[in-house]
Structure formats: structure tokens, C-alpha cells
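Beneath this line is the structure, given in C-alpha cells, with notes to follow.
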There are 2 protein chains.
Amino acid sequence: MSTEAAPLYTYPARDEIHIEAVLHALADPIRLEMVRQLAESDAELACGEFELPVTKSTRTHHLRTLREAGLILGRQQGTTRYNSLRRNDLDALFPGLLQGVLAAPR
Amino acid sequence: MSTEAAPLYTYPARDEIHIEAVLHALADPIRLEMVRQLAESDAELACGEFELPVTKSTRTHHLRTLREAGLILGRQQGTTRYNSLRRNDLDALFPGLLQGVLAAPR
DNA sequence: CCGCAAGTTCGACCGTTGTCGTACTATGGG
DNA sequence: CCCATAGTACGACAACGGTCGAACTTGCGG
């Protein structure tokens, strides 16, 4: 009855991405690891595909933070939501930032 | 009588600087602004010389976080402590990171 | 010697947020 | 249909950390 399907999230446009939010998002170890795994696999990762020591709901929470900060995009397919890094946008806004972060030793 | 003079701080060696701590340090708006002002002036700034809307003790707190994360060095002169950005170390460890952060609009 | 100026330390307060469990909502397969 | 799977929503809890004021230390100048 409700016209609501799976919640179609909104993502900040490139010019709505702020460095403060990006740094805050990257400052958490779990989220940093998520970004690393996304960058490493150079592909989309579903919520459950990350190798992380936290529960589902915590993953959702962190993915939300990353999404709202403008770090990731999501694509819905069935019940699965695939996430990808917004590399283009981030490189355009903060050239070198992602590179520098990912250059750090694990 | 105590042999304690002004507290001579210890600073992490280059290889003791970790990306997690650096990102955590940069994630606070006040500390980010401190780093920006240090980078901008390309010089040393005393605790009281930063243009910031917080009290002395809060400045001290943030400078401590920046110091322990490996972002700044300090030089004592009289009662004044001059702080400078560890640009060389940061660029060597995380090439592009500082550049990317500073490229962001204020 | 006295006092002021620059920072530090300490304790308190309180908002933020990372975490989990539980309940819920889709989607797709037998 | 029914159920399993993938993820979200919500509420509770605890820990972390940013903030301040007040007291303290140090160094310098009259």
C-alpha cells in the first residue's frame, strides 16, 4: 500500500561534500577499513561482504556515515546493496587525500 | 626543588605516526583550523596566536592531540611555545594527504 | 621582589557516537 | 505461501572527547 519500496537514499552532490565530514568519516577505524577494502577490491562491496569484527547493524550505521559524508555510492539489487567509493569526486575535491590515506601501512 | 622545568614534550618519531591518529586529529574543526593556519602562515604559531573561538585550556588540549598524533612540533622560548607543522614527515608518510586537506575550501 | 603574561593541569559536565540486540521490511526461491 | 537472506530502524547503554573555569608553573620586566 505504501509507495515506499526499499529506501532510496540520497547522496550529497559533489559540491555538497565537505572536508570536515570526510575527515570525520575517515577517523573511525572500522570506516577506514571499509574504505580500504573498497579501494583495494576496486569493486562494489555489499554490506555483508566487508571483513569486519562488527555486527550487521553497526555496519549499516557506518555505511550511513560514509554515504552522508559523500564517500560512497550505493546500488540496490534485490535485497543486496552494493557500495562503491566515490573516487572521482573525492580526487576532484581533495586531490591527493585518498592517495595519502591509502598509502599508509595497514 | 623539583628538577622539572617546563615540560619538555616528546614527539612521535616518523615511523611512530599512524594514519588513524592523524585522521582523528584532523577530524575536529578546531584542530583542522589550527593546521590550516599553520600551513597558511608557513611559520611557527604560539598557542595564543591562533585565531580561534576557544579558551586557552582548550587550545592546549587540541595542541596536545596534534602533537601526540605527530602533526606538529613545538619549540619553547620563554613562556611561549611555538608550534610548527611536520610537513616533511607527513608528506613522506602520506603523500598527498595534507595537500588534499588544504585544497578544500574553508 | 612583585606582578603580569603564556601555557599547563585538573576536574567537572555533557553532548556525541560506536556498539549491540531486537524487531522490522524487502526480495527471491522452493 | 512460507521461509531464508540482506539489510534497515530503533532504543539502550557506555565510553570517548570537547569545553570551560580555576588553580598552578614559569619566565620576564620593572
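Side chains are part of it too, since the values below use all heavy atoms of this structure and drop only hydrogens, waters and symmetry mates. Order of the sequence lines fixes the chain letters, A, B, ..., with proteins taken first and strands second; residue numbering starts at 1 for each chain.
Each of B:Leu98, B:Leu71, B:Ile17 was scored for a side-chain contact (heavy atoms from CB on, under 4.5 Å) with B:Arg86, with one residue passing: B:Ile17.
Atom CD of A:Glu16 is surrounded by more than 12 heavy atoms from other residues, nucleotides or ligands within 6.0 Å. Surrounding CD of A:Glu49 are more than 12 heavy atoms belonging to other residues, nucleotides or ligands, all under 6.0 Å away.
One interatomic measurement links the two molecules: OH of B:Tyr82 to P of C:dA6, which rounds to 10 Å at whole-angstrom precision. Atom CG in A:Leu52 sits roughly 14 Å away from atom C1' in C:dT19 (whole-Å rounding). Atom CG of B:Leu45 is separated from atom P of C:dG7 by 11 Å (rounded to the nearest Å). The CD1 atom of B:Ile30 sits 16 Å away from the C1' atom of C:dT16 (whole-angstrom rounding). Spacing between atom CZ of A:Arg81 and atom C1' of D:dT5 amounts to 15 Å, rounded to whole angstrom units. Atom P of nucleotide D:dA6 and atom CD of A:Glu44 are separated by 17 Å, given to the nearest angstrom. With rounding to whole Å, B:Glu20 atom CD is found 17 Å from D:dC16 atom P. Computed from coordinates, the B:Met34 CE to D:dG18 C1' distance equals 12 Å when rounded to whole Å.
The stretch residues 21-29 of chain B comes close to DNA chain D through B:His24, B:Asp28, each having a heavy atom under 4.0 Å from the strand. Contacts of residues 55-68 of chain A with DNA chain D (heavy atom under 4.0 Å): A:Lys56, A:Ser57, A:Thr60.
Judged by distance alone, with hydrogens and angles left aside, the side-chain atoms of B:Arg31 form a donor-acceptor pair with the main-chain N or O of B:His24 at under 3.5 Å. In terms of modelled atom types and a separation under 3.5 Å, the side chain of B:Arg59 and the main chain of B:Phe50 share a donor-acceptor contact.
Closest approach of B:Ile19 to A:Ala104, counting heavy atoms only: CB-CB, 3.5 Å.
Checking the phosphate oxygens (OP1, OP2) of D:dT8, a side-chain nitrogen or oxygen of A:Tyr9 falls inside 4.0 Å.
For the pair A:Ile30 and A:Thr58, the minimum side-chain heavy-atom distance is 4.5 Å or more. Side-chain contact check for B:Leu26 versus A:Leu26: every heavy-atom pair is 4.5 Å or farther apart.
The residue among A:Arg31 and A:Thr79 whose nearest nucleotide of DNA chain C lies closer to the 5′ end is A:Arg31.
For residues 60-76 of chain A, every residue pair satisfying the salt bridge (Lys or Arg N to Asp or Glu O under 4.0 Å) rule, not counting sequence neighbours, is listed here: A:Glu44-A:Arg75, A:Arg64-A:Glu68.
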